[in-house]
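Okay, structure first, notes after.
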Amino acid sequence: MSPFEPLDMAVLRLIADEPRAGVREYARRLGVARATVQSRVDKLQRLGVLISWQPQFDPAAMGYQGLAYVRLNLAQGKLDHALDGLSRIPEVVEANAVAGDADLLCRVVAKDNAGLEEVLQQIIAVDGVERISTEVVLSRRIKPRISPLIRKLHDELGR
């Protein structure tokens, strides 16, 4: 049984679609008390669904036009060392442990191709990194999103 109710997903949809509207506005739109919405927000945070109110930024708009996914193969037992080194490279904006041919999959930004080459050289120099392979993104066709998934969950709970 799901810990969520349709109202939880309705609140989450509003937060995803209009994060700056605020609890009072969410309550008005949903036709419920402000305290009810606040309790749902608190629940979503407590369950780890709503993990941040941090704004999102577009690196391309800040001059980092290049985007690449870099697969890293690591020496055995060097995951922590590699993650420590990668976290010191500002252009590595995300790193995920993966199953398959690689050990880590990193999302990397750069100002241009020359900048990407510099970042890749920094990555390969990280202690524990044995080999990398890179996929350069030509264009983003679907940007990171969550609203469609929330809508699906909301619809499933409404049944």
Side-chain angles (χ1 to χ4, degrees), residues 1-72 74 79-100 102-112 115-116 118-120 122-123 126 134-159:
M1 181 166 195
S2 174
F4 305 111
E5 299 173 25
L7 183 57
D8 298 322
M9 290 300 111
V11 169
L12 203 53
R13 277 178 72 175
L14 286 171
I15 292 170
D17 292 342
E18 297 183 54
R20 295 179 60 179
V23 173
R24 180 175 287 145
E25 179 61 17
Y26 301 150
R28 186 189 69 74
R29 290 185 190 183
L30 295 170
V32 298
R34 183 190 173 285
T36 300
V37 171
Q38 186 62 57
S39 71
R40 300 305 171 120
V41 168
D42 294 343
K43 172 184 173 181
L44 293 166
Q45 288 178 313
R46 187 175 57 256
L47 292 174
V49 174
L50 181 58
I51 58 173
S52 174
W53 290 92
Q54 182 177 1
Q56 293 185 23
F57 300 92
D58 183 357
M62 298 181 339
Y64 289 84
Q65 304 290 328
L67 174 62
Y69 290 92
V70 182
R71 290 182 188 86
L72 286 71
L74 305 178
L79 176 63
D80 291 336
H81 290 292
L83 289 171
D84 183 52
L86 292 170
S87 69
R88 296 169 200 244
I89 303 170
E91 293 86 355
V92 176
V93 295
E94 183 177 353
N96 299 284
V98 295
D103 299 304
L104 290 175
L105 178 65
C106 296
R107 186 164 52 106
V108 174
V109 297
K111 291 187 176 186
D112 52 27
L116 178 58
E118 289 175 24
V119 173
L120 295 175
Q122 291 176 40
I123 291 172
V126 167
T134 305
E135 303 290 332
V136 175
V137 174
L138 299 177
S139 65
R140 278 194 143 169
R141 300 302 179 138
I142 299 175
K143 292 191 179 200
R145 62 195 183 132
I146 195 70
S147 293
L149 183 59
I150 294 168
R151 281 188 209 93
K152 179 182 179 187
L153 290 171
H154 184 254
D155 292 347
E156 288 173 356
L157 288 171
R159 292 182 187 152

query = CG/Leu30 to CD/Glu25 distance, rounded to the nearest 0.5 angstrom?
reply = 9.5 Å
key: Nearest heavy-atom neighbours spanning Ser39 and Thr36   = OG-O, 2.7 Å
CZ/Arg107: more than 12 non-hydrogen atoms of other groups inside 6.0 Å = yes
message = More than 12 heavy atoms of other residues, nucleotides or ligands under 6.0 Å from NZ of Lys111: yes or no?
response = no
note = In this structure, NZ of Lys43 is separated from CD of Glu5 (nearest 0.5 Å) by 5.0 Å
query = When you measure from the side chain of Asp58 to the backbone N and O of Ala60, does any donor-acceptor pair fall under 3.5 Å?
reply = yes
message = Tell me which one of Val136, Val119, Thr134, Val137 satisfies side chain to side chain contact (heavy atoms under 4.5 Å, CB included) with Val108.
response = Val119
ask   = When rounded to the nearest 0.5 angstrom, what distance separates CG in Leu120 from CD in Glu91?
value = 10.5 Å
inquiry  = Are Val126 and Ile89 packed together at the side-chain level, in the sense that at least one heavy-atom pair is separated by less than 4.5 angstrom?
reply    = yes
key: With sequence neighbours excluded, residues passing salt bridge (Lys or Arg N to Asp or Glu O under 4.0 Å) with Asp112   = none
ask   = Looking at Ala102 and Arg71, what are the two nearest heavy atoms and their distance?
value = CB-CB, 3.7 Å
If you look only at distance, which donor and acceptor atoms sit under 3.5 Å apart when one is on a side chain in residues 14-23 and the other is two or more places apart or in another chain?
from  : atom 1 : to     : atom 2 : distance (Å)
Asp17 : OD1    : Ser147 : OG     : 2.6
Glu18 : OE1    : Arg29  : NH1    : 3.2
Glu18 : OE1    : Arg29  : NH2    : 3.0
Glu18 : OE2    : Arg29  : NH1    : 2.6

inquiry  = Under the criterion side-chain contact (heavy atoms from CB on, under 4.5 Å), I'd like the reasoning laid out for Phe4 against Leu157: C-alpha separation, chi angles, the key distance, then a yes or no.
reply    = CA-CA 8 Å; Phe4 305 111; Leu157 288 171; 3.7 Å; yes
Side chain to side chain, Cys106 and Leu72, heavy atoms closer than 4.5 Å = yes
message = Going by side chain to side chain donor-acceptor pair (under 3.5 Å), name the residues that satisfy it together with Lys152, two or more places apart in sequence or in a different chain.
response = none
note = In terms of heavy-atom contacts, Leu104 and Leu74 come closest through CD1-CD1, 3.8 Å
request  = Supply the atom-to-atom distance Leu86 CG to Gln122 CD, rounded to the nearest 0.5 angstrom.
outcome  = 10.5 Å
key: Spacing of Leu44 atom CG and Met9 atom CE [to the nearest 0.5 Å]   = 6.0 Å
message = Is the shortest side-chain heavy-atom distance between Phe57 and Val93 below 4.5 Å?
response = no
note = Asp84 and Arg88 have their tightest heavy-atom pair at OD2-NH2, 2.8 Å
query = Going through the distances and angles, do Ile150 and Leu153 end up as a side-chain contact (heavy atoms from CB on, under 4.5 Å)?
reply = CA-CA 5 Å; Ile150 294 168; Leu153 290 171; 5.7 Å; no
ask   = Hey, does Val11 have a side-chain heavy atom less than 4.5 Å from the side chain of Asp8?
value = no
message = For the OH atom on Tyr26, are there more than 12 heavy atoms of other groups (residues, nucleotides or ligands in this structure) within a distance under 6.0 Å?
response = yes
task = Please round to the nearest 0.5 Å and tell me the distance separating atom CG of Asp42 and atom CG of Leu50.
result = 9.5 Å
